[in-house]
Amino acid sequence: SVFLTAFFASKLEHESKHCNGKGFQRPGSSAFDRVYTANQNCGHAYPTFLAVLWCAGLLCSQAPAAFAGLMYLFVRQKYFVGYLGERTQSTPGYLFGKRIILFLFLMSVAGILNYYLIFFFGSDFEMHIKTITSAISPLLLIP
């Protein structure tokens, strides 16, 4: 994720140097605006990603959560690069990223529900949940 952030920052700096004017208000620079907006969008989504990744790995299963996390970083890269072209090129990466975040969120919810099932009823479904998430995680590769 550090490399991804460094890549975004270098693209932003590159576009900034190629535009005339001072500060972030550069009228007429659609390339800079696209890079800046893509960088801001990725930065705003990152805390949510970290929270659901951490919760999914801690409360449910580490291997599928790690796989989904790596896929998410790849998808954000595709989103960013797609944003540099036409705005419609970033849509598949955006939708794919939402699906991965949803998967991580559902893993977190499943882990929390399992905790309460153990606490209140003494039933542990951890192995079933891990099996299901391990089986579903490769489906994240389908675009």
Side-chain angles (χ1 to χ4, degrees), residues 1-19 22-27 29-143:
S1 67
V2 171
F3 297 114
L4 199 58
T5 304
F7 172 75
F8 295 161
S10 70
K11 285 292 188 184
L12 184 62
E13 180 182 1
H14 180 268
E15 286 300 324
S16 175
K17 287 181 180 178
H18 285 87
C19 296
K22 302 287 184 201
F24 288 117
Q25 301 299 327
R26 291 179 173 85
S29 172
S30 63
F32 177 80
D33 292 340
R34 285 194 308 266
V35 171
Y36 182 74
T37 302
N39 185 42
Q40 290 298 313
N41 291 347
C42 290
H44 292 161
Y46 195 65
T48 303
F49 162 68
L50 285 179
V52 294
L53 177 67
W54 181 78
C55 289
L58 182 67
L59 300 172
C60 191
S61 182
Q62 293 176 359
F67 177 73
L70 289 174
M71 287 299 302
Y72 183 79
L73 293 177
F74 173 73
V75 165
R76 287 315 274 192
Q77 168 72 15
K78 297 295 273 181
Y79 168 78
F80 187 85
V81 171
Y83 217 104
L84 297 179
E86 295 297 320
R87 290 187 189 256
T88 57
Q89 293 175 345
S90 67
T91 304
Y94 173 74
L95 296 175
F96 199 30
K98 280 179 50 176
R99 187 170 59 178
I100 292 172
I101 292 291
L102 177 65
F103 174 72
L104 290 170
F105 176 74
L106 291 176
M107 282 181 63
S108 302
V109 169
I112 292 169
L113 289 176
N114 186 52
Y115 171 78
Y116 282 113
L117 286 174
I118 293 169
F119 186 76
F120 290 116
F121 302 110
S123 300
D124 187 6
F125 293 100
E126 181 178 4
M127 291 307 295
H128 299 294
I129 293 171
K130 285 184 178 183
T131 303
I132 291 170
T133 56
S134 296
I136 292 175
S137 64
L139 296 177
L140 292 174
L141 293 172
I142 299 172

Closest approach of [X] to [Y] (non-hydrogen atoms, all atoms of both residues):
X	Y	answer
Ala45	Tyr72	CB-OH, 3.6 Å
Ala56	Leu104	CB-O, 3.5 Å
Thr133	Met107	CG2-CG, 3.7 Å
Gly97	Val75	N-CG1, 3.4 Å

Rounded distance [0.5 Å steps], [atom1] in [X] versus [atom2] in [Y]:
X	Y	atom1	atom2	result
Lys130	His128	NZ	NE2	12.5 Å
Cys60	Phe103	SG	CZ	7.5 Å
Leu53	Ile101	CG	CD1	8.5 Å

Polar side-chain atom of Ser137 near backbone of Ser134 as donor-acceptor pair, under 3.5 Å:
yes

Using the ring of each side chain (for Trp, its six-membered ring), is Tyr116 parallel, tilted or perpendicular to Phe120, with breaks at 30° and 60°?
parallel

Min side-chain heavy-atom separation [X]-[Y] under 4.5 Å:
X	Y	value
Pro64	Ile136	no
Asp124	Asn114	yes
Ile100	Phe49	no
Leu59	Tyr115	no

Arg76 charged N/C atom sitting above Tyr79 aromatic ring, 6.0 Å / 45°
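So Arg76 does make the cation-pi contact.
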
